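A short write-up of the structure that comes next.
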Protein chains: 2
Amino acid sequence: MALKSMRGAPRRPTLEEVGAVAGVSRATVSRVVNGSPKASPAVRAEVERAIARLGYVPNRAARTLVTRRTDTIALVVSEPEARVFGDPFFAALVRGIGAAVSMKDLQLVLVMAQGTREHEKVERYVRQGHVDGVVLMSLHGEDPLPGAFVEAGIPTVLVGRPKGDPVVPFVDADNRGGARLAVQFLIARRRRRIATITGPLDMCVGVDRFEGYRDALTAAHIPQRKGLVQGGDFTEEAGHVALTRLLEKNPDIDGVFVASDLMAAGALQALRAAGRRVPQDVAVVGFDDAPLARHTSPALTTIRQPLDEMVAQTSEMLFRQVAGASRTEHVIVPTSLIKRKSA
Amino acid sequence: MALKSMRGAPRRPTLEEVGAVAGVSRATVSRVVNGSPKASPAVRAEVERAIARLGYVPNRAARTLVTRRTDTIALVVSEPEARVFGDPFFAALVRGIGAAVSMKDLQLVLVMAQGTREHEKVERYVRQGHVDGVVLMSLHGEDPLPGAFVEAGIPTVLVGRPKGDPVVPFVDADNRGGARLAVQFLIARRRRRIATITGPLDMCVGVDRFEGYRDALTAAHIPQRKGLVQGGDFTEEAGHVALTRLLEKNPDIDGVFVASDLMAAGALQALRAAGRRVPQDVAVVGFDDAPLARHTSPALTTIRQPLDEMVAQTSEMLFRQVAGASRTEHVIVPTSLIKRKSA
DNA sequence: TTATCTCGTGAGAGCGCTCTCACGGGTGCT
DNA sequence: AGCACCCGTGAGAGCGCTCTCACGAGATAA
């Protein structure tokens, strides 16, 4: 006893002890703590005084053990952080989900999962019952995490459409439609030799944005050429490299749709290095409406995703699941064109 | 009973059930699960088979209740996310702490705390015993969180020096020394009318970097002029505004030390708008070595903080505290100049 | 008055786990 | 053969909480 109280934190008071001080039973203290109506005002006051005096804080583990609820929601990010931080989409997601969760008096925790080892740790973390629900941000096609959570019976909502048959409820932007918008805009600006720098095609978002590009060309009866397509991995360097290659093969391109703003920034640099003027010689449209889109030179015309709405949908779907209604559903929200100087 | 098992997840198997299947007691299963050496190989194998068959996952709440450990560490961010995401410093912190924590077989969770209401929620979260320790990122002078955690007996390490008398162990970069370095470099480049755009002076980091600026001027016997100092809040816009004002009052400035790269990016734009060439007319040095520093035009000369070392120090200090050694200490790591094109 | 209801309260079980302790069957020692 | 030891195992207590249930006191109805 004495020894125990010496090492580390001095053992925190328990319900029983609060009860002893207030002259009531553990059960009554519990009622007061949980705001149960069946506690007389007099007793309530007495108990509250005792709680304040002892600095009582309920032990979460004990409560969780019996209620089977943790009152915390995890935002699991199954991506390299490098890609995720600085992504405005991610920041908005955190803010939005955080606010929604906070409103329900839950606590949001962010959990990073990159690499197989981390995946396993995160899966274990969730399965062990640390959280009541999961918002999973994962853009990779073959991510095992969504399936694992669903199988474990954890309420889960995915942000970003998964590849293949979606077994998990998800929310995504209309990437294909957005890409179409971008390319249509380039076409309207009288561009005819329109190239694209795609994202990784093992990601749904990469594929979708590429399909949108093709849709628009097809609709305008512009023939598609293989040489006008270059892949990238959403990084700035990739954008630079891809555009350089594009220029080598097609010195005559007059428009580029780039599947992410970061890559577009790289592309812009490459164009400048090659002596091309933007938008006079080559018009450029990006995707994401990242903050940096405002600060490239010229400022980047791009496609915006309605983050607020996505966030609202996501949290709503999650809470519905946590509450018990378990439906596999999904929502696609529209995207829009933001006109700046690059196109 | 039947009702309970109908709603939500089908109740997960317990130690007892695994034991029944394996034909051993709960205690023995526990030994196998926890890798205790006192379990014979034969029994171990049998138990492991039962675990696999039932898909047993230990209940964390129950374990925590008795061990009083959660095996999770929180990274509490007591800042508006807007400022924090995209901050390379923060990303590196997450990666680094994450790796260190992972190595110890702990789980890292990120917790955001902005606004008083959130502060309270986070404090409650931590006090309730959700985590074994906290890394607290907070740059505000009067943040109540560090004190609260320490008072609650939670192992805590602060990243960024707090204002006033530090009661909490912390790790910080040598902001003052770094700023001195920056200004010394400008002086060495024969700049004599050196202005500065400071950070918020209610933050330690803001004050420190300003003091460094003054140190360098004093050492070089360059008189300081009030008009050469403008405050900002670390955002790009603030940098733009501040530099514009600076130019109005002092058309003849030939060097600027900007207390953050983001503000420096804004300043660079303002300089361009004003028709000043960088670095020929005005040399600029930033602070942070943010990724964007590489991509401004011209690329930004700046001060780098050794993130890796800060992270290593932070996690080491935290683990030491969690292990029981409770010392109030602190570490300041050196900064260095990164030469690019803007100075 | 007696019977019937509230209504606030306490006793007690039990959530799933860890950990101490006692026990029985080897070993190795005298 | 007798003793002292391990060493693997099970029984059982107990972590701090919630929640059901029984109970007694007071209010209401007959």
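Not measured: the values here are computed from a predicted model. Proteins come first, then strands; the chains are lettered A, B, ... in the order of their sequence lines, and each starts at number 1.
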Under 3.5 Å, which donor-acceptor pairs link side chains of residues 38-55 of chain A to any protein atom two or more places apart or in another chain?
from: A/Arg44; atom 1: NH2; to: A/Ser36; atom 2: O; distance (Å): 2.8
from: A/Glu46; atom 1: OE1; to: A/Arg49; atom 2: NH1; distance (Å): 3.3

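Direction of the helix axis in the helix from C/dT1-D/dA30 to C/dG28-D/dC3 shifts by 40° between the two five-pair termini, rounded to 10°.
Here the nucleotide nearest the side chain of A/Leu65, chosen from C/dT18, D/dG10, C/dC15, is C/dC15. Residue A/Asn59 places its side chain closer to D/dG16 than to any other of C/dT18, D/dG16, C/dT9. Here D/dG16 is the nucleotide among D/dC17, D/dG16, D/dC19 with the atom lying nearest to any side-chain atom of B/Arg68.
For D/dT18, the OP1/OP2 oxygens have no side-chain nitrogen or oxygen of A/Thr67 closer than 4.0 Å. Phosphate proximity of D/dA11 to B/Ser25: absent, as no side-chain N or O sits under 4.0 Å from OP1 or OP2.
Looking at residues two or more places apart in sequence or on another chain, you find a side-chain contact (heavy atoms from CB on, under 4.5 Å) between B/Glu309 and B/Pro306, B/Gln313, B/Val333, B/Pro334. Checked against side-chain contact (heavy atoms from CB on, under 4.5 Å), A/Asn34 has the following partners two or more places apart in sequence or in another chain: A/Ser30, A/Arg63. Scanning for salt bridge (Lys or Arg N to Asp or Glu O under 4.0 Å) contacts around A/Glu151 gives an empty result, with sequence neighbours left out.
Mapped onto DNA chain D by nearest heavy atom, A/Leu15 and B/Ser40 fall at different nucleotides, with B/Ser40 at the one closer to the 5' end.
Pairs engaging residues 25-37 of chain B under the salt bridge (Lys or Arg N to Asp or Glu O under 4.0 Å) rule: B/Glu16-B/Arg26 [sequence neighbours left out].
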